[in-house]
Structure formats: structure tokens, C-alpha cells
Amino acid sequence: MNCISGLAKVLLVFNSAHGRPGRVGRVLADLGYEFDIRRPGEGEDLPSDLSPYQGVIVFGGPMSANDDHEPNVARIMEWLPRVVDADVWYLGICLGAQMMARNLGAVVRPHDGAQTEIGYYPAYATDAGRDLFPANMMVYHWHSEGFEVPAGGELLMTGDVFPNQAYHVDRRIWGIQFHPEVDDDIHESWLERAADKTDRPNAQNPDQQRVGRRKHDAAFGEWFATFAAKVLLPTGAVSSFSTQDR
């Protein structure tokens with residue numbers, strides 16, 4: 001656990017012993033946040049009292065949101081109702097988005113045609129998402145399952161293979177299917193650890209992914225910084241995002 005006391009604190013929950021905040025951490029630090037990092041799969045507790053935090057981020061992992069036999073999945077799923085009831089914003093990244101969707105009653109399942117998204121693929125803003133997402137953006141994926149949009153939620157981005165790419169509930173709970181945390185170092189570590197998974201249906205091989213990173217990573221990173229400044233703000237900051245802008 002890495003806990004730093006501060007007035008603007010965000011809880012980072014990792015589903016992997018090797019998970020790192022990467023670009024997401026740098027952007028949040030620029031916004032004035034300090035971090036409390038927890039890894040429930042490694043035996044670390046998740047706080048029952050969320051009042052010290054302004055936000056919670058649950059990152060991705062190699063398991064399924066339906067894997068209740070996995071210690072991290074079971075612990076996070078049991079804990080997520082506290083997040084929903086607390087006065088914090090939530091960002092779920094890939095598995096984190098799927099687990100929150102499942103917690104809110106939505107289905108998480110593999111693609112009907114056994115397709116994956118591993119690499120860079122286009123995603124498209126819906127009318128509801130056009131103030132937060134470009135009309136067409138290449139994003140980095142590593143997943144074989146997708147989420148349905150929870151009841152009461154709104155679809156913000158769609159895609160060609162997995163149609164649901166981003167959602168929000170009450171502009172407080174955010175779920176994205178892709179990985180803005182992935183920078184050069186994280187990407188190379190994933191390719192090293194899991195290169196065997198890049199031969200799955202519709203996956204891009206490591207060389208294709210590196211080409212995609214050179215072409216698309218800068219714009220992807222700029223998008224996340226803008227998105228975070230609009231919706232993942234410390235207490236007292238002013239967001240430029242308004243339903244009146246739509």
C-alpha cells in the first residue's frame with residue numbers, strides 16, 4: 001500500500017500485482033491529486049470509509065468481471081456498492097468498467113464471435129459523448145469481454161467490434177473499455193508478459209501495436225488529459241463540462 005496524506009486524494013485499485021498508474025497517474029498529479037494505492041488480490045484491504053477520497057479508479061486485469069473465485073474480483077465486487085453510495089467520482093478502466101457495470105446490474109460477457117480487441121482500434125463518440133470524446137479516436141485496448149450499459153446510464157462511445165466503449169451514470173460514475181494509463185513502458189511490459197495472447201482472433205501482433213502506438217498515443221494521451229480536467233476534478237475545482245453544452 002502506498003498512502004500519501006493530502007487534501008485531494010484518489011484511491012487507485014489495481015487488479016494485478018504489476019499494475020501501475022502510468023499516464024493516468026501523471027495526469028491526476030497535474031490536477032493536484034495524491035494517491036492511495038491498493039491491491040486487493042495481494043491481500044490489501046479496501047477502505048470501508050471513503051470520505052478521505054475525492055475519487056476512485058479501478059484498473060484492468062487479466063481476469064473476468066464474472067470470476068468470483070478470483071480474490072481481487074470477489075473483494076472489489078463486494079466493495080463497489082460502498083463506492084456507489086459514497087460522495088466520490090468513479091472511473092473504471094476496462095475490467096474496472098466491467099465490474100462496475102456488473103455491480104449496477106448489467107451483463108458482462110465475451111464477444112458473440114469470440115473476437116478480441118488487443119491493440120489500437122477506433123471508437124466513436126455518441127451524441128451524448130461528443131463533449132468529452134472526439135468523433136473518432138484510436139484507443140488502446142486489451143480485452144476479450146465487454147459490458148452492457150447499466151440501467152440509468154448513458155452510452156458515450158461505441159465501437160465496431162464491441163459496441164459499448166464508454167458510459168456514465170449521473171456524470172459521477174464513468175466506465176471506459178480502453179486503457180489511457182498505457183504509456184511506452186507499460187505497453188512494452190504488457191507485450192513482454194502476454195505476447196502469446198496477441199494471436200487471438202482480431203488481436204494485433206506486437207509489431208502492429210508498436211506502429212499504432214507511434215501513430216496514435218500522443219493524441220490518445222491528449223484526450224485523456226482533457227477528459228480528466230473536465231470530469232475527474234478535486235473538490236472545489238470547476239468543470240467546463242455541462243449538460244447545457246450539448
Side-chain angles (χ1 to χ4, degrees), residues 1-16 18-39 50 52-61 83 88-97 99-100 120-121 123 125 129-134 136-143 156-157 165-169 171-190 209 212-242 245:
M1 179 174 65
N2 178 14
C3 184
I4 306 173
S5 178
L7 294 177
K9 187 184 295 185
V10 61
L11 179 65
L12 306 183
V13 180
F14 287 95
N15 280 287
S16 166
H18 307 290
R20 291 177 282 165
R23 176 189 288 120
V24 167
R26 293 192 293 275
V27 169
L28 291 173
D30 287 343
L31 289 176
Y33 280 117
E34 295 176 326
F35 309 139
D36 182 351
I37 294 176
R38 308 289 178 105
R39 302 178 191 275
L50 291 169
Y53 306 98
Q54 279 73 52
V56 173
I57 300 180
V58 177
F59 287 80
V83 178
V88 295
W89 55 256
Y90 176 89
L91 175 64
I93 295 174
C94 197
L95 178 59
M99 286 195 286
M100 178 55 81
Y120 286 88
Y121 304 86
R130 62 184 173 82
D131 295 316
L132 295 173
F133 300 90
N136 184 337
M137 178 171 64
M138 296 296 288
V139 298
Y140 187 70
H141 284 291
W142 196 303
H143 69 104
L156 301 174
M157 288 204 94
Q165 293 287 333
Y167 67 86
H168 81 90
V169 179
R171 295 190 299 279
R172 184 176 71 86
I173 294 171
W174 307 89
I176 56 176
Q177 187 60 79
F178 33 88
H179 289 276
E181 80 275 21
V182 172
D183 54 18
D184 290 356
D185 290 342
I186 291 175
H187 190 216
E188 289 298 330
S189 71
W190 287 12
Q209 292 191 41
R213 189 175 80 207
R214 289 194 294 270
K215 291 175 62 177
H216 306 301
D217 182 70
F220 188 31
E222 290 173 5
W223 160 76
F224 181 72
T226 301
F227 172 85
K230 289 182 176 180
V231 303
L232 308 182
L233 294 169
T235 300
V238 178
S239 172
S240 61
F241 176 63
S242 168
D245 296 332

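Counting from 1, the numbers follow the sequence of the chain as shown. All figures in this text were calculated on a predicted structure; none of them were measured in a lab.
- Rounding to the nearest 0.5 angstrom, the gap separating the CD1 atom in Ile57 from the CZ atom in Phe14 is 8.5 Å.
- Salt bridge status for Lys230 with Asp131: absent, with no side-chain N to carboxylate O gap under 4.0 Å.
- In this pair, Trp89 and Tyr33 present their aromatic rings perpendicular. The plane angle is above 60°, beyond the 30 to 60° band.
- Tyr167 places a side-chain N or O within 3.5 Å of a backbone atom of Ala97 that can act as its donor or acceptor partner.
- The aromatic rings of Trp190 and His179 sit perpendicular, their planes meeting at an angle over 60°, well past the 30° parallel limit.
- Between the Arg39 side chain and the Ser16 main chain, a donor and an acceptor come within less than 3.5 Å of each other.
- Here the CD1-CE distance, from Ile173 to Met100, works out to 4.5 Å after rounding to the nearest 0.5 Å.
- In summary, of the residues considered (Arg23, Arg213, Arg214), a salt bridge (Lys or Arg N to Asp or Glu O under 4.0 Å) with Asp184 occurs for Arg213 alone.
- In this structure a side-chain-to-backbone donor-acceptor pair under 3.5 Å is missing from Asp217 to Gly212.
- Summarising the geometry, atom CD belonging to Gln54 is positioned 10.5 Å from atom CD belonging to Glu34; distances are rounded to the nearest 0.5 Å.
- The closest side-chain heavy-atom distance from Leu12 to Leu28 is below 4.5 Å.
- By the 30° and 60° cut-offs, the orientation of the rings of Phe227 relative to Trp174 is perpendicular.
- In this pair, His141 and Phe178 present their aromatic rings perpendicular. The plane angle is above 60°, beyond the 30 to 60° band.
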Does the salt bridge (charged side-chain N to carboxylate O under 4.0 Å, His left out) test come out yes or no for Asp185 and Arg20, once each step is laid out? CA-CA 10 Å; Asp185 290 342; Arg20 291 177 282 165; 5.0 Å; no
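- The closest donor-acceptor contact from the side chain of Lys215 to the backbone of Met138 lies at 3.5 Å or more, if one exists at all.
- Using a 4.5 Å cut-off on side-chain heavy atoms (C-beta onward), Phe35 and Val10 make contact.
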